[in-house]
Structures are given as structure tokens and as C-alpha cells.
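Everything on this sheet refers to the single structure shown next.
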Amino acid sequence: MPLSSPDLLVGIVALALLPLIGWRIYRGLREGRLPIYRTHLSRDAGAAKFKLLVGLHGLAFLLVAMVAADLLLGLGLRERL
């Protein structure tokens with residue numbers, strides 16, 4: 001399947017988002033707080049909430065990575081779903 005222009009553009013945007021999401025996870029684990037809109041959730045506020053938020057960020061990272069790989073490498077994941 002040849003790459004179309006919109007697929008290429010969305011794949012590049014998804015690929016550009018990966019370092020931002022990864023940096024947010026790394027900084028959150030290192031500093032013990034993650035941003036939520038205009039506020040922050042710290043590890044002290046609740047370990048379960050913090051771990052859930054880190055897990056959601058990790059899941060978002062994996063999903064965006066799958067979208068980028070599918071669109072840029074033509075893996076055909078979209079057709080299989």
C-alpha cells in the first residue's frame with residue numbers, strides 16, 4: 001500500500017509527539033509529580049492516583065507509537081482492526 005500525503009503527515013505528527021510524552025513520563029517519575037491541565041498531581045497526594053496517571057501516559061505513548069509506525073511504515077494495522 002503506497003503512502004498517501006495525509007497518512008504521512010499524521011504519522012510525522014504522531015512521531016513528533018512521542019518525545020513529548022516520553023519526557024513527561026520521565027520527568028513525572030523523577031520529580032514525583034505529573035501535570036494535569038493547570039495543576040499538578042504529586043506522588044504525595046496518593047500513590048494509586050499517581051501510578052494510574054503514569055500508566056495512562058504510558059498507554060498513550062504506546063498507542064501513539066503504534067499509530068506512527070502504522071502510518072509511516074505501512075504495517076496495515078488499520079485494515080486489520
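Atom CZ of Arg33 has 12 or fewer neighbouring heavy atoms from other residues, nucleotides or ligands inside a 6.0 Å radius.
Summarising the geometry, atom CD1 belonging to Ile12 is positioned 12.5 Å from atom CG belonging to Leu17; distances are rounded to the nearest 0.5 Å. Separating the CD1 atom in Ile25 from the CZ atom in Arg30 is a distance of 13.5 Å, to the nearest 0.5 Å. Atom CD1 of Ile36 is separated from atom CG of Leu53 by 5.0 Å, given to the nearest 0.5 angstrom. From Phe50, atom CZ reaches atom CG of Leu41 across 7.0 Å, with rounding to the nearest 0.5 Å. In this structure, NE2 on His57 lies 10.0 Å from CG on Leu29, to the nearest 0.5 angstrom.
Hydrophobic clustering (side-chain heavy atoms under 4.5 Å, transitive across Ile, Leu, Val, Met, Phe, Trp, Tyr) groups Ile21 together with Tyr37. The cluster map of Ile, Leu, Val, Met, Phe, Trp and Tyr, joined by side-chain heavy atoms under 4.5 Å apart, puts Val64 and Leu20 in the same cluster. Taking hydrophobic clusters as Ile, Leu, Val, Met, Phe, Trp and Tyr residues chained together by side-chain heavy-atom distances below 4.5 Å, Leu63 does not share a cluster with Val54. Residues Met66 and Leu9 fall into different hydrophobic clusters, defined by Ile, Leu, Val, Met, Phe, Trp and Tyr side chains chained together at heavy-atom separations under 4.5 Å.
Minimum heavy-atom separation, Pro19 to Ala16: CD-O, 3.3 Å. Between His40 and Pro35, the closest heavy-atom pair is CD2-CA, 3.6 Å. Annotation for Phe61 and Leu18: closest pair CE1-O, 3.2 Å, computed over non-hydrogen atoms. Pairing each heavy atom of Ala68 with each of Leu15, the nearest pair is CB-N, 3.9 Å.
The ring-ring contact (aromatic ring centres under 6.0 Å, His included) search around Tyr26 returns Trp23, not counting sequence neighbours.
A distance-only check finds a donor-acceptor pair linking the side chain of Asp70 to the backbone of Gly76 [under 3.5 Å].
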